[in-house]
Amino acid sequence: QVLVVESGGGLVQPGGSLRLTCVASGSIFGRFAPGWYRQAPGKERERIATITRAGPPVYADFAKGRFTLSADSAENSLYLQMTNLQPEDTALYSCRDGGGNWGQGTQVTVSS
């Protein structure tokens, strides 16, 4: 069974930054493009960014210019650097690996 574990969430003030980490027990790349997603209370899960071996990350519009996705295939890891966080970024952030496996998520709360 492949495990995916996210970390790095927490409480941050508006304008602050966080770096999320996702580690998979198997290969981070696979049939699916691995990436980060988020789900706010009462809303559907939305894609933040995904990445493939061949090209640069693809970002949702709300993430462009503020979020940066990177991958380390040797470490089976994905990272999400988030800057200028705002209250509307409050959500449970989850990672999906290349095999389509999801982690439990890490909570990000942006509040003063």
Side-chain angles (χ1 to χ4, degrees):
Q1 182 180 359
V2 176
L3 296 178
V4 176
V5 179
E6 303 94 337
S7 62
L11 174 64
V12 63
Q13 292 186 342
S17 300
L18 284 174
R19 184 176 188 249
L20 306 184
T21 298
C22 167
V23 181
S25 61
S27 175
I28 197 67
F29 289 102
R31 178 180 179 185
F32 301 96
W36 284 95
Y37 297 74
R38 71 183 186 182
Q39 186 168 19
K43 295 186 177 181
E44 294 187 355
R45 183 165 57 197
E46 59 182 350
R47 184 184 67 85
I48 300 170
T50 55
I51 189 170
T52 66
R53 292 182 188 271
V58 178
Y59 296 96
D61 286 345
F62 68 82
K64 293 177 181 177
R66 297 193 301 133
F67 294 2
T68 302
L69 171 64
S70 59
D72 185 334
S73 58
E75 297 293 329
N76 294 326
S77 295
L78 283 178
Y79 306 97
L80 186 68
Q81 179 69 46
M82 305 186 293
T83 63
N84 192 25
L85 286 163
Q86 300 300 317
E88 54 266 33
D89 294 315
T90 295
L92 182 68
Y93 285 67
S94 300
C95 168
R96 187 181 74 166
D97 74 0
N101 302 292
W102 293 91
Q104 292 297 311
T106 184
Q107 178 67 36
V108 172
T109 302
V110 185
S111 176
S112 56

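What you see is a predicted model; the values in this text were computed from it and never measured.
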In this structure, would [X] and [Y] fall into the same cluster of hydrophobic residues linked by side-chain contacts under 4.5 Å?
X: Leu78; Y: Ile48; result: yes
X: Val23; Y: Trp36; result: no
X: Leu20; Y: Phe62; result: yes
X: Phe67; Y: Tyr79; result: no

Distance check, rounded to the nearest 0.5 Å: [X] atom [atom1] versus [Y] atom [atom2]?
X: Tyr93; Y: Leu80; atom1: OH; atom2: CG; result: 7.5 Å
X: Glu6; Y: Leu92; atom1: CD; atom2: CG; result: 7.5 Å
X: Asp97; Y: Ser27; atom1: CG; atom2: OG; result: 8.0 Å
X: Tyr59; Y: Arg47; atom1: OH; atom2: CZ; result: 10.5 Å
X: Asn76; Y: Phe29; atom1: CG; atom2: CZ; result: 10.0 Å

**OP:** Could you give me the CA-CA distance, side-chain angles and deciding distance for Thr106 and Ser7, then say whether side chain to side chain contact (heavy atoms under 4.5 Å, CB included) is met?
**Re:** CA-CA 6 Å; Thr106 184; Ser7 62; 5.5 Å; no
Pairwise side-chain contact, [X] with [Y], heavy-atom cut-off 4.5 Å (strictly under):
X: Met82; Y: Val108; result: yes
X: Cys22; Y: Val4; result: yes
X: Ser77; Y: Ile28; result: no
X: Pro87; Y: Pro14; result: yes

Original post:
For Val110, does its backbone N or O pair with a side-chain atom of Thr90 as donor and acceptor, under 3.5 Å?
Top reply: yes
Original post:
Side chain of Gln81, backbone of Thr68: donor and acceptor closer than 3.5 Å?
Top reply: no
Subject >> Residues in side-chain hydrogen bond (donor to acceptor under 3.5 Å, both in side chains) contact with Asp89, at least two apart in sequence or another chain >> reply: Arg38, Arg66
Subject >> Flag if over 12 foreign heavy atoms under 6.0 Å of CD, Gln13 >> reply: no
Original post:
Is the number of heavy atoms from other residues, nucleotides or ligands under 6.0 Å of Gln104 CD greater than 12?
Top reply: no
Original post:
Where do Ser94 and Gly103 come nearest, in terms of heavy atoms and distance?
Top reply: OG-O, 4.4 Å
**OP:** Identify, with sequence neighbours excluded, every residue that meets salt bridge (charged side-chain N to carboxylate O under 4.0 Å, His left out) alongside Lys64.
**Re:** Asp61
Subject >> Tyr37/Trp102 aromatic ring centres below 6.0 Å >> reply: yes
